Amino acid sequence: MKLQSTSSPHRTARKYKSMSETTLFDTSYEQRKKPLLIQTLERLRPIYSKSELNFLRIDSMSREGLAQRSGRGFVNRDILETVLGNLLECVAPGSHNAPHLEHQKRELAEAIEEVADQLYAMVAQSFLAVKDETLLDTALETAFSLLWELPRFKSRALWNRFASLKDPAVWDAYLLHTGISREKLAAIDFRSQIDTAIQERTFEPYQDFLGTLNLAAVMDYQLQLVGSTYPGWRVLFYHDVAHALTRSEPPEESPDIHRVPVPLLPRAISELAGRYYQADLHPETQIGDANFLEHPHRGVTTGQTGIIGSGCVIYPSTFGGLSVKVKQRHPVIGDFVEVGTDTSLLGPVQISDYCTIGTNTEIYGFVEIARRCRIGSSVVIGTIRGASDHPGRIYIGDEVRIGDGTVIENTSEMDLIIPNRAQIPARSHVANDGFGFPRYIT
C-alpha cells in the first residue's frame, strides 16, 4: 500500500500564531495523523516476530515536554536521546530501552504512535527554529516518511550486526570455554563465508558452514554479543536516521508522500552519535549496509560528499576533503573494501571494490585505485601541486600490490598510470616519468 499524503496539493501552510502560542498537537494534527498511522502500521506489522514484539520497549514522553522549546527554539538534547533510543528499539527490539513499567508502550500501534508524535515534534521544532513556518504542514509527512522506512532500517541494522561477525573477537572466552580450540579456529576462514552471505543476502552460507563444524548454535550467540556490546552498528543506525532526514525524494514504495530535508536535526543526530562513540559521520554521506566499523570510538570521520559501499571493514580512519568548494570533495569507497587503522583518505579519492588499504596510509588528491588492490602500511599516494597547478591523476590498475612504506606522487599535468597487477616493492619512491609511466627514484 502506498502512503497517502494528508496535505493539500498546494500544501498551503496554516497560519501559526506567535511562538509562545503555537500548539503542535492540535485537532488538525490528530486528523491528519490517523490515516498515516493506519497505513504505516499495515506496513510494519509483518516485519516483527511475536518474540520481537514482546521485547519492544518504547519510552513515552508527555506532549507538553515534546512541545517545550529550548535555547533558540530547537528541541533539547535529552528529548533527542530518548527518541533515538526509541527508534533503535524499533529496529532491534530489546537492544536499548528498559523504561519503568508505567512508561512502556507494549502494543505495536501504541508504540508507533508514540514514536510518530516524538518525531513530528522534533521535525516541527526544527522548522520553527529556522523560522520556516511554511513547511510545518510537511513536518508530519516527513516524520512518517522515516517510520515508513523502518523495514529498510531494520534490515540494514541486522546486516551491519552480521558484518561485525568478521571480528575474530566474537569467538570470545565464553565460546572457547565450550571446547573450541584456538588452533582450530586459526585454520578456518570465516570471513569469506560471511562475505558470501552478504553477497547472496542470506545468512545460510555462514550457518551451513558452522553446521559442518558442529558449531550451529554459535551464530545466535555471536549476534547477541554484537547487538549487546558492539558500537559500530548503532553508529551506522544513527547515521541512517540522520541521512533519511536529509532526503527529499519519496520513500521507497511510497511515491505519494511528500518530505523535505530537515534543517538542524540531522547534524544534531550525527553530533550525538559522535558524543556517544566518537564517530563523526556527516549525515549526507552515502553509506551502504553490511559494514563493520571496528573500534569506532577511536575515531571515524566521513564528509558530506563521501560515499561508502557495502560489505566494508573500516578501522579508525578519516575520509576527509581538501577543497572548500561545493563539489565532490570526499572519497568514494566501493564494496568489500578494508581500510586500516589511522588511514587518511583525503579529497576525491576513489577506491574500487575488494581493495585493502593498510594501516597508517595516506592517499590524497586525484587518485583512482582499481579493483582488488592491496596497499601496504605507511604508504603515501598523492597528487601534488608542484610545477603544475593542475597535476594529473594517479591511476592504479587492477590487482596492484604496493609494499609498505612506499611513496607514489604525481606532480606532472599528465596522468601517472600504474599498470594492472604491478608489484611495487616496499619503501619504493615512484614518480611520473613525464610520459605517464612510473619512474623509480633511488
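Remember, predicted model here, so these are calculated numbers, not experimental data.
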**Q.** Asn86 (side chain) donor-acceptor with Val115 (main chain) under 3.5 angstrom
**A.** no
Q: Please determine if Glu107 and Arg45 form a salt bridge, counting it only when a charged side-chain N lies under 4.0 Å from a carboxylate O.
A: no
Q) Salt bridge check: are Glu338 and Lys166 linked by an N-O gap of less than 4.0 Å? A) no
(Q) With rounding to the nearest 0.5 angstrom, report the CD1 to CD1 distance, Ile375 to Ile369. (A) 4.5 Å
Q.
I want to know whether Tyr29 and Tyr120 have ring centres closer than 6.0 Å.
A. yes
Q) Which heavy-atom pair separates Pro283 from Ser270 by the least distance, and what is that distance? A) CD-OG, 3.7 Å
Q) Considering all heavy atoms of both residues, which atom of Val379 and which atom of Gly376 are nearest to each other, and what is their separation? A) CG2-O, 3.4 Å
**Q.** Between NE2 on residue His330 and CD on residue Gln286, distance to nearest 0.5 Å
**A.** 13.0 Å
Q.
For Leu108 and Ile112: C-alpha separation, side-chain torsions, deciding distance, then whether side chain to side chain contact (heavy atoms under 4.5 Å, CB included) applies.
A. CA-CA 6 Å; Leu108 181 63; Ile112 296 302; 3.8 Å; yes
Q: Indicate yes or no: does Asp240 engage Arg152 in a salt bridge with an N to O separation below 4.0 Å.
A: no
Q | Heavy-atom pair of closest approach, residues Ser352 and Val337 | A | O-CG2, 3.3 Å
Q | Within 6.0 Å of CZ in Phe366, more than 12 heavy atoms from elsewhere | A | no
Q) Would a distance-only check, ignoring hydrogens and angles, find a side-chain to backbone donor-acceptor pair under 3.5 Å from Ser145 to Thr142? A) yes
Q. Can you check whether Gly94's main-chain N or O pairs, donor with acceptor, with Glu89's side chain at less than 3.5 Å?
A. yes
Q: Would you check, one step at a time, whether the test side chain to side chain contact (heavy atoms under 4.5 Å, CB included) holds for Thr302 with Asp280?
A: CA-CA 6 Å; Thr302 71; Asp280 183 10; over 6 Å; no
Q | Expected output: side-chain Ser95 to main-chain Ala92 donor-acceptor under 3.5 Å | A | yes
**Q.** Phe127 backbone acceptor or donor facing Asp132 side chain under 3.5 Å
**A.** no
Q.
Checking Tyr276 against Glu81 for the side chain to side chain contact (heavy atoms under 4.5 Å, CB included) test, could you report, in this order, the C-alpha distance in whole Å, the side-chain angles of both residues, the deciding distance, and whether it holds?
A. CA-CA 10 Å; Tyr276 293 156; Glu81 289 180 1; 2.9 Å; yes
Q. So, His239 side chain and Thr285 main chain: donor-acceptor pair closer than 3.5 Å or not?
A. yes
**Q.** Beyond-backbone contact of Thr82 with Ile79, side-chain heavy atoms, under 4.5 angstrom
**A.** no
Q.
Just so I know, are the side chains of Asn160 and Phe292 near enough to count as touching, which here means a heavy-atom distance under 4.5 Å?
A. no
Q. When you measure from the side chain of Thr318 to the backbone N and O of Ser344, does any donor-acceptor pair fall under 3.5 Å?
A. no
Q: Indicate yes or no for a side-chain donor-acceptor contact from Trp148 to the backbone of Glu252 under 3.5 Å, with no hydrogens or angles considered.
A: yes
Q | Evaluation steps, salt bridge (Lys or Arg N to Asp or Glu O under 4.0 Å), between Lys34 and Glu113 | A | CA-CA 9 Å; Lys34 186 176 181 179; Glu113 183 173 13; over 6 Å; no
Q) Say you draw a straight line from CD of Gln304 to CD of Gln328; how long is it, rounded to the nearest 0.5 Å? A) 10.0 Å
Q | Minimum-distance pair of heavy atoms, taken over all atoms of Arg234 and Ser228 | A | NH2-O, 4.1 Å
**Q.** Any donor-acceptor N or O pair under 3.5 Å, side chains Tyr206, Gln222
**A.** yes
Q: Could you walk me through whether Arg247 and Glu284 pass the salt bridge (Lys or Arg N to Asp or Glu O under 4.0 Å) test, one step at a time?
A: CA-CA 9 Å; Arg247 310 291 289 276; Glu284 293 180 51; over 6 Å; no
Q.
If we check side-chain contact (heavy atoms from CB on, under 4.5 Å) with Leu345, which of these qualifies: Val332, Ile351, Ile381?
A. Ile351
Q: Flag the pair Leu322 / Arg329 as yes when at least one side-chain heavy-atom distance between them is below 4.5 Å, and no otherwise.
A: no
Q | Pairwise distance CD1(Ile333) to OG(Ser310) - rounded to 0.5 angstrom | A | 13.0 Å
Q. Please walk me through it: do Arg63 and Glu30 pass salt bridge (Lys or Arg N to Asp or Glu O under 4.0 Å)?
A. CA-CA 13 Å; Arg63 289 187 168 185; Glu30 296 296 336; 2.6 Å; yes
**Q.** Geometric class of the Phe203/Phe162 ring pair [parallel <30°, tilted 30-60°, perpendicular >60°]
**A.** tilted
Q) Is the count of non-hydrogen atoms from other residues, nucleotides or ligands lying under 6.0 Å from Arg201 atom CZ greater than 12? A) yes
(Q) Using 30° and 60° as the class boundaries, would you call the ring planes of Phe237 and Phe153 parallel, tilted or perpendicular? (A) perpendicular
**Q.** Set of residues satisfying ring-ring contact (aromatic ring centres under 6.0 Å, His included) with respect to Trp171, sequence neighbours excluded
**A.** Phe190
Q. Can you tell me if CZ on Arg374 sees more than 12 non-hydrogen neighbours from other groups inside 6.0 Å?
A. no
**Q.** Under 3.5 Å side-chain donor-acceptor pair for Asp195 and Ser192
**A.** no
**Q.** Heavy-atom check, side chain of Glu114 versus side chain of Gln118, under 4.5 Å
**A.** yes
Q: Count the heavy atoms of every other residue, nucleotide or ligand shown that sit under 6.0 Å from CD of Gln199, and state whether that count exceeds 12.
A: yes
Q: Report the distance from atom OG1 of Thr359 to atom CG of Asp342, rounding to the nearest 0.5 Å.
A: 7.5 Å
Q. Do you know which two heavy atoms are closest between Cys90 and Tyr48, and how far apart they sit?
A. O-OH, 2.6 Å
Q: Taking only Lys NZ, Arg NE, NH1 and NH2, and the carboxylate oxygens of Asp or Glu, determine whether Asp353 and Arg372 approach each other closer than 4.0 Å.
A: no
Q) With a 4.5 Å heavy-atom cut-off, do Ile269 and Leu245 have their side chains touching? A) yes
Q. Can a salt bridge be assigned to the pair Arg259 and Glu149 using a cut-off of 4.0 Å between side-chain N and carboxylate O?
A. yes
Q: With the side chain counted from C-beta on, respond yes when Tyr315 and Leu293 share a heavy-atom pair under 4.5 Å apart, and no when they do not.
A: no
**Q.** Atom pair OH (Tyr221) and CG (Leu215), whose distance is rounded to the nearest 0.5 Å
**A.** 14.0 Å
Q) Would a 4.5 Å heavy-atom cut-off, applied to side chains only, mark Leu272 and Arg77 as touching? A) yes
Q | Stepwise side chain to side chain contact (heavy atoms under 4.5 Å, CB included) test for Tyr238 and Leu88 | A | CA-CA 8 Å; Tyr238 294 142; Leu88 192 63; 4.0 Å; yes
Q) Relative to Tyr354, does Arg371 satisfy both conditions: NZ or CZ under 6.0 angstrom from the six-membered ring centre, and within 45 degrees of the ring's axis? A) no
**Q.** Check: Ser248 and Val260 side chains under 4.5 Å, non-hydrogen atoms
**A.** no
Q | Nearest non-hydrogen partners of Pro151 and Leu44, listed with the distance | A | CD-CD2, 3.6 Å
**Q.** Donor-acceptor contact below 3.5 Å, side chain Glu141 vs main chain His258
**A.** yes
Q. Are the side chain of Asn291 and the backbone N or O of Cys312 linked by a donor-acceptor pair below 3.5 Å?
A. yes
